[in-house]
Amino acid sequence: LEFIPHSTLHPHMELYDRRDCPYSKKVREKLEEVGVEYEETVVPDKHTERTRVKEITGDTGVPVLVDDGIEGGYIADSGEIVSYLEERYG
């Protein structure tokens, strides 16, 4: 049986963000730096229209990283997301 590192399995990771948000930018840069594939969903500017983010987190703030490897399924804080990515993917 051969061990395959998780990072090579291409897990489904989704980032909900805003292109003009500095916190979202910090997360996108870290994702690029560690070389992880992810799907990006740019949310509407109006918080009242961010229904999918609210369904996931109970709130409307971004960025939100959704990943099966995260306890609870998501992280909704840019600093915590960056720390998670550094720990998990180096």
Side-chain angles (χ1 to χ4, degrees):
L1 191 63
E2 183 181 348
F3 173 75
I4 301 172
H6 184 80
S7 60
T8 64
L9 297 177
H10 302 292
H12 182 263
M13 190 177 292
E14 190 166 3
L15 177 65
Y16 291 85
D17 70 350
R18 295 277 314 147
R19 297 303 296 174
D20 56 353
C21 168
Y23 301 106
S24 296
K25 181 181 179 188
K26 181 169 87 169
V27 171
R28 285 192 308 272
E29 287 173 350
K30 180 53 71 174
L31 283 161
E32 295 300 322
E33 180 185 314
V34 298
V36 176
E37 291 182 22
Y38 65 98
E39 180 179 338
E40 180 181 21
T41 300
V42 177
V43 301
D45 188 40
K46 287 181 155 186
H47 282 255
T48 55
E49 296 175 3
R50 298 179 185 180
T51 53
R52 181 67 184 131
V53 172
K54 188 160 178 107
E55 288 172 4
I56 295 168
T57 69
D59 200 355
T60 58
V62 292
V64 174
L65 183 70
V66 177
D67 179 18
D68 293 339
I70 299 170
E71 186 176 332
Y74 71 90
I75 301 173
D77 174 88
S78 62
E80 291 178 19
I81 293 170
V82 167
S83 293
Y84 166 76
L85 293 170
E86 287 173 347
E87 277 182 31
R88 182 143 189 192
Y89 301 101

J.: Test Glu39 against His12 for side-chain contact (heavy atoms from CB on, under 4.5 Å), laying out the working first.
T.: CA-CA 8 Å; Glu39 180 179 338; His12 182 263; 3.1 Å; yes
J.: Any side-chain heavy atom of Thr41 sitting closer than 4.5 Å to one from Arg52?
T.: no
J.: Could you walk me through whether Val64 and Ile75 pass the side-chain contact (heavy atoms from CB on, under 4.5 Å) test, one step at a time?
T.: CA-CA 6 Å; Val64 174; Ile75 301 173; over 6 Å; no
J.: Side chains of Arg19 and Arg28: closer than 4.5 Å at any heavy-atom pair?
T.: yes
J.: Testing the basics here: between Thr57 and Ala76, what is the closest heavy-atom pair and its distance to 0.1 Å?
T.: CG2-CB, 4.4 Å
J.: Between Ile70 and Glu80, is there a side-chain heavy-atom distance shorter than 4.5 Å?
T.: no
J.: Are Tyr16 and Glu14 close enough that a side-chain donor and a side-chain acceptor fall under 3.5 Å?
T.: yes
J.: Less than 4.0 Å between a side-chain N and a carboxylate O, is that true for Arg50 and Glu55?
T.: no
J.: Looking at side-chain heavy atoms only, is the closest gap between Leu15 and Val27 below 4.5 Å?
T.: yes
J.: Does some side-chain heavy atom of Val34 sit less than 4.5 Å from a side-chain heavy atom of Glu86?
T.: no
J.: Is it the case that atom CG in Asp68 sees more than 12 heavy atoms from other parts of the structure closer than 6.0 Å?
T.: no
J.: What distance do Asp45 atom CG and Asp20 atom CG have between them, rounded to the nearest 0.5 Å?
T.: 6.5 Å
J.: How about Lys54 and Glu49: do any of their side-chain heavy atoms sit closer than 4.5 Å?
T.: no
J.: Between Ile56 and Val66, is any pair of side-chain heavy atoms under 4.5 Å apart?
T.: yes
J.: Once rounded to the nearest 0.5 Å, what's the spacing between atom OH of Tyr38 and atom CD of Glu32?
T.: 4.5 Å
J.: Once you round to the nearest 0.5 Å, how far does OG of Ser24 lie from CD of Glu40?
T.: 8.0 Å
J.: Any side-chain to backbone donor/acceptor pair from Arg18 onto Tyr23? Under 3.5 Å, distance only.
T.: no
J.: In terms of side-chain heavy atoms, does Asp67 have a donor or acceptor partner in Tyr84 at a distance below 3.5 Å?
T.: yes
J.: Looking at Met13 and Glu37, what are the two nearest heavy atoms and their distance?
T.: CB-O, 4.0 Å
J.: Side-chain contact test, heavy atoms from C-beta onward, threshold under 4.5 Å: evaluate it for Lys30 versus Lys26 and give yes or no.
T.: no
J.: For Leu65 and Leu85, run side-chain contact (heavy atoms from CB on, under 4.5 Å): C-alpha distance rounded to whole Å, both residues' side-chain angles, the deciding distance at 0.1 Å, then the answer.
T.: CA-CA 10 Å; Leu65 183 70; Leu85 293 170; 4.2 Å; yes
J.: What heavy-atom pair brings Val62 and Cys21 nearest, and what distance separates the two atoms?
T.: O-SG, 4.3 Å
